[in-house]
Chemist: 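Handing you a structure now.
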Number of protein chains: 2
Amino acid sequence: MRVTIADVARAAGVSKSTVSRVLNAKAEVDAGTADRVREIIARLGYVPSSRAVGLARGSSRTVGMLAPSLTWPWMSEVLQGAVDAVEAAGYGLLLFTCNRGRESMTRFAAQVSARAFDGLLVVEPEDEIGAVVPMHRAGLPVVLIDDRARHPAFPSVSTTNGLGGELAARHLLALGRRKPLVITGPPRFGCVRERLAGFVRALEEHGVGHDPRRTVEGDFTERSGEEAVEKLLAEGLDVDAVFAHNDLGAAGALRALRAAGRRVPEDVAVIGFDDIPFAACTDPPLTTVHQPLRAMGEAAANLLLAHVGGHPPPETSVALPTELVVRASAPHP
Amino acid sequence: MRVTIADVARAAGVSKSTVSRVLNAKAEVDAGTADRVREIIARLGYVPSSRAVGLARGSSRTVGMLAPSLTWPWMSEVLQGAVDAVEAAGYGLLLFTCNRGRESMTRFAAQVSARAFDGLLVVEPEDEIGAVVPMHRAGLPVVLIDDRARHPAFPSVSTTNGLGGELAARHLLALGRRKPLVITGPPRFGCVRERLAGFVRALEEHGVGHDPRRTVEGDFTERSGEEAVEKLLAEGLDVDAVFAHNDLGAAGALRALRAAGRRVPEDVAVIGFDDIPFAACTDPPLTTVHQPLRAMGEAAANLLLAHVGGHPPPETSVALPTELVVRASAPHP
DNA sequence: CTGAAAGCGCTTACAG
DNA sequence: CTGAAAGCGCTTACAG
């Protein structure tokens with residue numbers, strides 16, 4: 001049999017109430033009694049049952065995290081950050097994905113209704129945000145991470161996408177490049193629009209116009225990066241730089257440029273976005289706009305934890321700073 | 001107020017016992033009564049509280065997963081597989097890492113003592129396995145994934161590492177290569193010893209001896225792959241192939257070979273191990289021994305779920321098949 | 001086939 | 001400062 005609060009109470013010669021007070025560090029316990037109880041607890045190796053505590057208190061000291069898929073290259077860092085923060089707070093992290101489509105969401109909704117966790121972290125919601133809204137309305141604390149659709153109803157954590165675009169543009173300008181190709185992600189994502197806007201803004205501030213034909217829509221895959229380069233070259237447009245909205249796309253661009261006989265960075269400087277581990281391993285290694293992914297996961301978790309803990313919902317959304325990581329594909333001037 | 005089983009019972013004009021029986025699909029309920037109760041449940045949108053069910057039943061329909069770190073390149077796939085299987089079974093997955101060292105393990109142990117989950121998945125245990133043994137002994141079902149130390153006390157899921165080594169060797173032999181460099185991982189890992197043994201065995205079966213100087217110990221980093229190649233070349237040994245025990249190491253080898261002016265695959269054919277997504281993006285794309293990571297995660301979760309469900313612990317350990325994925329770094333003969 | 005009651009292991013007013 | 005009792009929302013023998 002596992003040891004319960006009753007066992008501790010009996011061994012200490014006090015009531016369960018008193019043991020509970022010691023456990024929860026309530027002030028009104030006699031110091032001597034408290035010490036004795038603590039000693040018994042240690043001796044018996046007693047740990048309160050999380051299920052019983054949860055039922056009695058009406059909360060589970062657990063938060064949920066819903067992500068579309070775990071295999072996106074930057075999910076790992078975000079997840080690690082969230083796990084670290086949640087763990088540090090003594091909470092547990094219950095992980096869900098929408099990997100199996102409708103069925104996933106049905107099961108997930110059941111867990112929400114069952115009050116399996118006290119708050120929810122949602123990563124990059126697209127379709128599933130529709131399902132999250134009513135949960136939030138029903139009282140579930142929610143924090144979004146990298147909200148691509150810019151849903152204003154939720155607190156969220158993101159990164160300075162616009163500034164990231166500016167950083168890329170300024171670096172290319174400093175390298176003397178004036179004819180950049182921009183390979184975007186799907187324009188329905190807020191982050192994509194912000195990265196593009198920041199990039200173009202910085203060019204214009206330097207008196208460099210951006211020919212719309214130099215903006216090619218991609219879908220964040222390596223293949224789409226390749227195709228974007230091929231398309232531009234086929235159109236006969238000059239290129240002396242590439243700014244891809246993610247590292248995978250930039251890797252595709254590197255490949256297409258090599259295939260076309262263009263040297264990187266001599267002929268074409270290439271900058272990516274994200275700074276996934278893989279970025280340091282391309283040939284040449286990729287200059288890229290670093291997203292503080294782990295910090296974003298941590299910040300989101302801490303925001304949620306504060307919210308769950310009953311604190312007033314803090315700043316509705318925070319944007320952590322991007323920074324340019326310079327490697328050989330677009331070296332220092 | 002949230003709706004409870006008492007509300008349903010009242011609305012249906014039955015006792016809580018009966019509602020509970022319907023909920024848990026016990027046989028002994030009148031069909032008509034059951035239908036009526038189900039209708040009320042649907043109308044009220046009632047979902048049983050997981051905390052209350054857990055307390056009453058003594059189990060939480062949740063499994064834990066402990067991983068050293070989430071940012072290893074192949075963790076994502078394993079985790080996704082585990083999440084999928086756990087989710088399909090209607091369970092929740094509580095995620096823990098040892099990322100914060102001792103403190104992580106202390107907190108984790110507390111969760112175990114608190115009976116926060118019914119079973120545990122442990123990924124690639126090294127140090128933490130010492131902490132898991134007593135938990136297992138105390139009755140916690142445990143399944144290991146990719147147990148590098150070959151701990152016999154636990155059921156585990158791994159891959160056919162020896163066969164993977166053989167596949168690599170046979171492919172290189174078919175390409176006419178006779179002087180391979182093997183870049184291993186830390187030899188304390190069982191998987192490393194198996195990969196090497198399988199590789200050497202296949203060579204010898206073809207009458208090709210393996211000079212021990214051609215085996216260089218790495219540590220699974222890209223840098224160690226680079227260094228292994230540099231070392232061998234510095235020693236003046238001939239090389240016409242590389243078999244690295246992971247893809248990162250193979251990527252390092254590619255880089256060092258290029259730096260040394262060796263063409264891949266013409267001069268040196270290169271084979272990696274793992275088949276992480278990045279393997280398709282190297283230059284040239286990497287031929288590698290594919291580990292069925294997602295399937296391993298799924299299999300481990302299903303093994304654990306069966307165990308938790310009270311089924312007799314099935315085969316003590318399963319090894320899922322590796323297969324060779326041929327890309328340009330070591331093309332078809 | 002169905003219900004009343006006890007029990008799961010805690011917390012928390014309420015008295016004292 | 002401390003204890004007895006009710007309550008959290010279920011499940012499960014035990015009767016009938």
Side-chain angles (χ1 to χ4, degrees), chain A residues 1-38 40-41 44-62 90 110-118 310, chain B residues 1-38 40-41 44-62 90 110-118 310:
Chain A
M1 262 332 273
R2 81 176 254 120
V3 14
T4 71
I5 197 173
D7 300 324
V8 175
R10 197 174 316 117
V14 299
S15 71
K16 295 190 297 176
S17 314
T18 297
V19 177
S20 176
R21 289 187 187 104
V22 173
L23 245 19
N24 299 293
K26 305 277 185 195
E28 67 266 12
V29 185
D30 175 84
T33 315
D35 280 347
R36 190 152 39 88
V37 171
R38 265 189 288 268
I40 302 281
I41 287 175
L44 266 42
Y46 168 68
V47 178
S49 149
S50 58
R51 285 190 282 271
V53 174
L55 181 58
R57 274 212 280 248
S59 80
S60 50
R61 291 190 75 79
T62 294
Q111 297 267 6
V112 173
S113 303
R115 295 273 198 282
F117 41 83
D118 303 340
Chain B
M1 262 334 273
R2 80 176 253 120
V3 13
T4 72
I5 197 172
D7 300 325
V8 175
R10 197 174 314 117
V14 298
S15 72
K16 294 189 297 176
S17 315
T18 296
V19 177
S20 177
R21 289 187 186 102
V22 173
L23 245 21
N24 299 293
K26 306 277 186 196
E28 67 268 10
V29 185
D30 176 84
T33 315
D35 280 347
R36 189 151 41 87
V37 171
R38 265 189 287 269
I40 303 281
I41 287 175
L44 266 43
Y46 168 68
V47 177
S49 150
S50 57
R51 284 190 284 269
V53 174
L55 181 58
R57 274 213 279 250
S59 80
S60 50
R61 291 190 77 77
T62 294
Q111 297 267 3
V112 173
S113 302
R115 293 273 198 283
F117 41 83
D118 303 339

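Values reported hereafter were calculated over all heavy atoms of this structure, with side chains retained and with hydrogens, waters and symmetry mates removed. So you know, we letter chains A, B, ... as the sequences are listed, proteins then strands, and number each from 1.
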Chemist: Which pair of non-hydrogen atoms, one from A/V47 and one from B/A110, has the smallest distance, and what is that distance?
Modeler: CG1-O, 3.9 Å
Chemist: Look up atom CG in B/D30 and atom CG in B/D35, then write down how far apart they are to the nearest 0.5 Å.
Modeler: 9.0 Å
Chemist: Name every residue in residues 14-25 of chain A that has at least one heavy atom under 4.0 Å from any atom of DNA chain D, in order of residue number, or write none if there are no such residues.
Modeler: A/V14, A/S15, A/S17, A/T18, A/R21
Chemist: To the nearest 0.5 Å, how far apart are CZ in B/R10 and OG1 in B/T4?
Modeler: 7.0 Å
Chemist: Rounded to the nearest angstrom, tell me the gap between atom NZ in B/K26 and atom P in C/dT2.
Modeler: 15 Å
Chemist: Grab the CD1-C1' distance between B/I5 and C/dA4 for me, whole Å please.
Modeler: 14 Å
Chemist: OP1 or OP2 of D/dC8 sitting under 4.0 Å from any side-chain N/O of B/S49?
Modeler: no
Chemist: Return the value, rounded to whole Å, for the distance between atom CG of A/D30 and atom C1' of D/dG3.
Modeler: 15 Å
Chemist: Can you tell me how far C1' of C/dG9 sits from CG of A/D7, to the nearest Å?
Modeler: 11 Å
Chemist: Which pair of heavy atoms, one from A/A9 and one from A/K16, lies closest together, and at what distance?
Modeler: CB-N, 3.8 Å
Chemist: Given that A/R51 and B/R36 both sit by DNA chain C, which one's nearest nucleotide is further toward the 5' end?
Modeler: B/R36
Chemist: Answer yes or no: is there a side-chain heavy-atom contact under 4.5 Å between A/T33 and A/R21?
Modeler: no
Chemist: Taking both distances under 3.5 Å as the test for a Watson-Crick or G-U pair, what stems of at least three pairs does DNA chain D have?
Modeler: C:1-3 with D:14-16, C:5-12 with D:5-12, C:14-16 with D:1-3
Chemist: Strictly distance-based, threshold 3.5 Å: is any side-chain N or O of A/R2 a donor or acceptor partner for the main-chain N or O of B/S113?
Modeler: yes
Chemist: Sub-3.5 Å donor-acceptor pair from the side chain of B/R61 to the main-chain atoms of B/G54, do we have one?
Modeler: no
Chemist: Is a side-chain donor or acceptor of A/R38 paired with a backbone partner of A/V22 at a separation under 3.5 angstrom?
Modeler: no
Chemist: Could you give the CG-to-P distance, from B/L55 to D/dC8, as a whole number of Å?
Modeler: 14 Å
